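The sequence lines fix the lettering, A, B, ..., with proteins before strands; numbering per chain opens at 1. All of these numbers come straight from a predicted model, not from anything done at the bench.
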Amino acid sequence: MAYKCIVLIKQVPDTSRITGEAMNEDGTVNRGALPAIFNPEDLNALELALQIKEKYGGSVTAVTMGLPSASEVLREAMFMGADDAVLVTDRRCAASDTLATSYILTRAAEKIGYDLVLCGRQAIDGDTAQVGPQMAEKLDIPQITYVEQVHELSPEKIVCRRNMGNGWQKTACKLPVLLTVTDQANEPRIGAARRIMKFKNAKTPAEITKEGGSEEDISLMRDKGLLIGQLNLDDVQADLQWCGRDGSPTKVHRIMSVVLTAKESKEVEPSAQGINDMVHELIEDHTIG
Amino acid sequence: MIEVNRQGEVWVFAEQHLGKVEDIAFELLGRARELADKLGVKVGAVIAGDSIKSVCEELIQYGADKVYAVENNLLEHYQTNSYTKVLCTLIEKHKPQIVLYGASPVGRDLAPRVASKMKAGLTADCTDLQIGNHEIKKTGEKHENLLLQIRPAFGGNIIATIINYDRWPQMATVREGVMPMPEPDAKRKGEVIDESVSLSAQDLPIEIIEQVRREKSVNLKASRIIVAGGAGVGSKENFRMIWDLANALGGVPAATRAAADLGYIGKDYQVGQTGTTVRPSLYIAIGLSGAIQHQAGMSESKKIIAVNNDPDAAIFDVAHYKVCGDLNEVVPQMIKAVKEKV
Ligand SMILES: Cc1cc2nc3c(=O)[nH]c(=O)nc-3n(C[C@H](O)[C@H](O)[C@H](O)COP(=O)(O)OP(=O)(O)OC[C@H]3O[C@@H](n4cnc5c(N)ncnc54)[C@H](O)[C@@H]3O)c2cc1C
């Protein structure tokens with residue numbers, strides 16, 4: 001059997017490189033000032049899907065929800081080996097929390113069709129790890145979270161090893177299924193030069209139109225196999241009450257940037273005397289001893 | 001969806017393993033107690049499993065007024081779908097206003113599924129929870145006594161407070177170790193309520209073939225003194241120094257993710273966002289830069305000593321004692337001083 005895999009990927013700000021300039025006065029993050037990257041664990045999910053395809057046959061479709069600029073990660077997914085890519089983009093998606101995002105992505109996955117849905121365990125901007133399980137619930141399929149290995153796959157079942165933090169579990173279930181994949185699962189491959197040459201010009205209809213292209217240019221790209229799929233909320237027949245701000249129960253009450261400073265601090269000379277004095281002080285105030 | 005019910009109880013999902021309640025459930029009960037007292041409502045604990053009766057009293061001792069116990073041998077092992085059904089059934093029946101889960105592998109697997117089914121909000125990995133008011137600036141609409149769900153975001157660079165006011169229950173997962181464990185009170189009285197939820201094969205789609213649970217080899221959370229080494233320590237051999245200083249102080253060693261990744265010490269010793277959250281009396285940070293992800297797990301320590309040869313290292317921003325120097329000279333000196341004095 002050939003397995004149809006959907007991999008959910010996200011373009012995220014590189015939160016490990018936040019500097020002062022990336023913070024706005026009001027303590028919010030200026031996403032524009034940060035380099036945008038492929039969410040790290042989504043690369044592991046994509047790698048796992050590609051390995052499944054190579055071993056058992058099938059196809060891999062990378063799907064992202066975001067602004068038209070997020071098609072960058074879809075191209076990267078194609079460089080790595082994804083057969084198809086789909087951008088879900090619509091102004092009405094703005095301000096979606098995990099619940100609304102999982103709803104929209106569910107509608108997209110249903111439209112595309114799948115045997116397996118894979119996603120990274122969590123995205124580094126929100127760190128919530130919620131979209132995967134919330135999608136599985138909406139798709140009404142089982143979820144296997146924290147996957148670090150797929151042992152076996154057949155039309156009857158999939159057998160995975162999950163990392164439970166304090167141990168592990170080997171579990172099996174019938175398809176279709178949703179997996180969330182950890183960074184322990186594999187070492188993501190880098191794009192193949194041949195594929196980079198081929199797909200670096202792949203574009204979404206939004207990008208083609210933005211560059212002044214016409215319907216004709218779009219169909220020309222499609223003929224060349226260079227058109228990245230694009231869906232809006234109407235295409236996926238989403239009920240707007242569950243999308244965007246309306247579909248998002250969680251709201252932001254306040255944001256503060258982190259300024260961690262000790263209340264009182266002392267410089268200690270790195271000399272025998274300095275250190276002896278410090279140790280003495282800690283004994284005096286019963287911190288040690 | 002359940003209706004907004006401001007008289008609803010504050011609930012804790014009491015995670016258990018083979019009839020033993022996990023610490024996180026007790027930590028959550030401590031905070032749930034405070035939140036419920038502010039709201040003037042009761043604390044409920046939900047526990048599901050096979051033979052769990054014996055631990056229900058324990059949940060009462062830690063702060064629950066009511067324990068909703070669902071005993072069924074099909075619930076012996078945690079499974080997403082069956083436990084989701086238990087939670088959703090009880091939430092629909094009793095309409096709590098708040099439901100808290102541990103941000104453990106189980107809690108993080110379960111809570112989003114429940115939230116999706118209930119069409120409710122959920123905030124992941126909170127480090128603090130409070131009760132407060134919210135005003136919508138545009139309309140002037142006021143919402144009182146909401147659950148303020150406080151958590152780091154953007155890799156720990158910001159602290160966000162999340163709320164939800166129009167869909168119930170308000171739900172959050174909470175990091176282990178960030179809320180102090182309450183003292184159990186053997187005299188506390190409460191009510192154990194037997195609940196039953198019918199389960200079928202459809203609710204158990206997963207077959208658990210093999211399961212290995214490994215108790216952590218170190219209990220960082222319970223340690224009063226922690227000596228943490230970072231990548232700057234340089235080698236596994238050199239890391240011996242960290243052990244020696246920890247031993248001399250009667251504390252335990254710990255590490256950054258970088259040091260654990262380099263194999264200087266086991267993963268169980270990692271402190272930080274993806275490791276353990278600790279709040280000891282003394283935290284000695286040696287040869288570690290103080291990346292925000294590391295600070296996320298240790299900045300609540302009562303006293304912090306930092307040893308680093310880079311005067312601009314971020315760890316100095318949170319340190320009470322700043323020792324700017326080469327750890328290869330400073331640490332042996334510290335061991336010597338401690339051995340002489342203590
Ligand atoms: C999603 C995510 C989650 C993460 N979770 C965690 C986590 O839970 N915990 C964690 O710790 N990290 C975590 N990290 C990693 C974190 O960002 C840092 O990479 C890590 O903490 C750095 O470890 P370090 O301070 O040991 O190493 P480095 O940053 O390399 O720092 C080494 C320090 O040693 C000092 N040094 C070197 N030689 C000497 C000497 N001879 N004497 C004195 N000082 C010396 C240097 O000046 C430097 O400050 C996470 C990262 C990400 C992206």
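Neither the backbone nor the side chain of B/Ile136 comes within contact range of chain A; no heavy atoms are under 4.5 Å apart. The part of B/Arg167 that comes within reach of chain A is its side chain, from C-beta onward, which places non-hydrogen atoms under 4.5 angstrom from that chain. With a 4.5 angstrom heavy-atom cutoff, B/Met1 touches chain A only via side-chain atoms. With a 4.5 angstrom heavy-atom cutoff, B/Gln333 touches chain A via backbone and side-chain atoms both. Proximity to chain A (any heavy atom under 4.5 Å) is restricted, for B/Gln273, to the side chain, taken from C-beta onward. There is no contact between A/Arg161 and chain B, counting heavy-atom distances below 4.5 Å. Residue contact with chain A, scored on non-hydrogen atoms closer than 4.5 Å, involves the side chain of B/Ile225 exclusively. Residue B/Thr84: no heavy atom, backbone or side chain, is found under 4.5 Å from chain A. Contact annotation for A/Ile283: only side-chain heavy atoms (C-beta onward) come within less than 4.5 Å of a heavy atom of chain B. Of the atoms belonging to B/Leu249, it is side-chain heavy atoms, and not backbone ones, that fall under 4.5 Å from chain A. For B/Asn133, the part lying near chain A is the backbone, with the side chain staying farther off; criterion is any non-hydrogen pair under 4.5 Å. Interface residue B/Thr80: only side-chain heavy atoms are found under 4.5 Å from chain A. Only the backbone of B/Ala120 comes within contact range of chain A, with at least one heavy atom under 4.5 Å from a heavy atom of that chain. When heavy atoms are compared at a cutoff of 4.5 Å, B/Leu148 approaches chain A solely by way of its side chain, counted from C-beta outward.
A donor-acceptor pair under 3.5 Å links the side-chain atoms of B/Arg224 to the main chain of A/Thr287, judged by distance alone. Judged by distance alone, with hydrogens and angles left aside, the side-chain atoms of A/Gln130 form a donor-acceptor pair with the main-chain N or O of B/Leu122 at under 3.5 Å. Within the 3.5 Å criterion, the main-chain N or O of B/Asp109 finds a donor-acceptor partner in the side chain of A/Gln143.
Counting heavy-atom pairs closer than 4.5 Å to chain A, the top-ranked of the candidates B/Pro152, B/Pro112, B/Pro280, B/Ala124 is B/Pro112. By number of non-hydrogen pairs under 4.5 angstrom with chain A, the leading residue of B/Thr161, B/Asn164, B/Asn81 is B/Thr161. Heavy-atom pairs under 4.5 Å with chain B peak, among A/Asn163, A/Asp125, A/Thr180, at A/Asp125. In terms of heavy-atom pairs under 4.5 Å with chain B, the best-connected choice from A/Glu269, A/His280, A/Glu267, A/Met278 is A/Met278. Of the listed residues (A/Ser102, A/Gly274, A/Gly247), the one with the most heavy-atom contacts under 4.5 Å to chain B is A/Gly247. By number of non-hydrogen pairs under 4.5 angstrom with chain B, the leading residue of A/Thr15, A/Asp97, A/Val131 is A/Thr15. Heavy-atom pairs under 4.5 Å with chain B were tallied for A/Gly126, A/Ala172, A/Gly132; the largest tally goes to A/Ala172. Top candidate by heavy-atom pairs under 4.5 Å with chain A, chosen from B/Lys119, B/Met334, B/Glu329, B/Gln79, is B/Lys119. Contact tally against chain B (heavy-atom pairs below 4.5 Å) for A/Gln122, A/Lys174, A/Arg162: the top residue is A/Gln122. Interface summary for chain A: among B/Gln293, B/Arg113, B/His134, the most heavy-atom pairs under 4.5 angstrom belong to B/Arg113.
Taking 4.5 Å as the limit, every side-chain heavy atom of A/Thr171 sits out of range of all side-chain heavy atoms of B/Gln211. Looking at heavy atoms from C-beta onward, A/Lys138 lies out of side-chain contact with B/Lys117 at the 4.5 angstrom threshold. Contact check for A/Met256 versus B/Ile158: no side-chain heavy atoms found under the 4.5 Å cut-off. In this structure, B/Ile209 and A/Val159 have side chains that are in contact, with non-hydrogen atoms separated by less than 4.5 Å. Between B/Phe154 and A/Leu34, the closest side-chain pair of non-hydrogen atoms falls below 4.5 Å. Residues B/Ile162 and A/His253 have side chains not in contact (no heavy-atom distance under 4.5 Å, counting atoms from C-beta outward). Counting only heavy atoms from C-beta outward, the side chains of A/Asp285 and B/Lys303 approach each other to under 4.5 Å. Looking only at side-chain heavy atoms (C-beta outward), A/Trp168 and B/Arg214 stay at 4.5 Å or farther from each other.
Listed here is the closest heavy atom pair of A/Cys173 and B/Pro205: CB-O, 3.3 Å. Shortest non-hydrogen contact noted between B/Pro105 and A/Gly165 is CG-N, 4.4 Å. Minimum heavy-atom separation, B/Cys324 to A/Pro270: O-CG, 3.3 Å. Across A/Ile255 and B/Ala160, no two heavy atoms sit closer than the pair CD1-CB, 4.0 Å.
The number of heavy-atom neighbours closer than 6.0 Å to CD of A/Glu148, taken from other residues, nucleotides and ligands shown, is above 12. Within a 6.0 Å sphere centred on NZ of B/Lys341, other residues, nucleotides and ligands contribute more than 12 heavy atoms. Within a 6.0 Å sphere centred on CZ of B/Arg213, other residues, nucleotides and ligands contribute more than 12 heavy atoms. Crowding of A/Gln241 atom CD: a count of heavy atoms from other residues, nucleotides or ligands under 6.0 Å exceeding 12.
Side-chain contact check for A/Gln134 and B/Ser116: no donor-acceptor pair (N or O, by modelled atom type) lies under 3.5 Å. One side chain, B/Tyr321 or A/Glu281, offers a donor N or O that lies under 3.5 Å from an acceptor on the other.
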Report the C-alpha distance between B/Lys336 and A/Asn276 in whole Å, list the side-chain angles of each, state the deciding distance to 0.1 Å, and finish with yes or no for side chain to side chain contact (heavy atoms under 4.5 Å, CB included). CA-CA 9 Å; B/Lys336 189 160 162 264; A/Asn276 277 328; over 6 Å; no

Using the salt bridge (Lys or Arg N to Asp or Glu O under 4.0 Å) rule, take A/Asp127 and B/Arg151 through it: C-alpha gap first, then chi angles, then the decisive distance, then the call. CA-CA 10 Å; A/Asp127 283 330; B/Arg151 67 174 306 242; 5.1 Å; no

Between B/Ile206 and A/Ile144, does a side chain to side chain contact (heavy atoms under 4.5 Å, CB included) hold up when you go through it step by step? CA-CA 9 Å; B/Ile206 306 272; A/Ile144 305 182; 4.0 Å; yes

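Taking OG from A/Ser248 and CG from B/Asp166, the interatomic distance works out to 10.0 Å, rounded to the nearest 0.5 Å. The NE2 atom of A/His151 lies 8.0 Å from the CD atom of B/Glu210; values are rounded to the nearest 0.5 Å. Considering CG of A/Asn166 and OG of B/Ser104, their distance stands at 8.5 Å, rounded to 0.5 Å.
No option in A/Leu282, A/Val279, A/Ile275, A/Val268 other than A/Leu282 meets the side chain to side chain contact (heavy atoms under 4.5 Å, CB included) test with B/Ile305.
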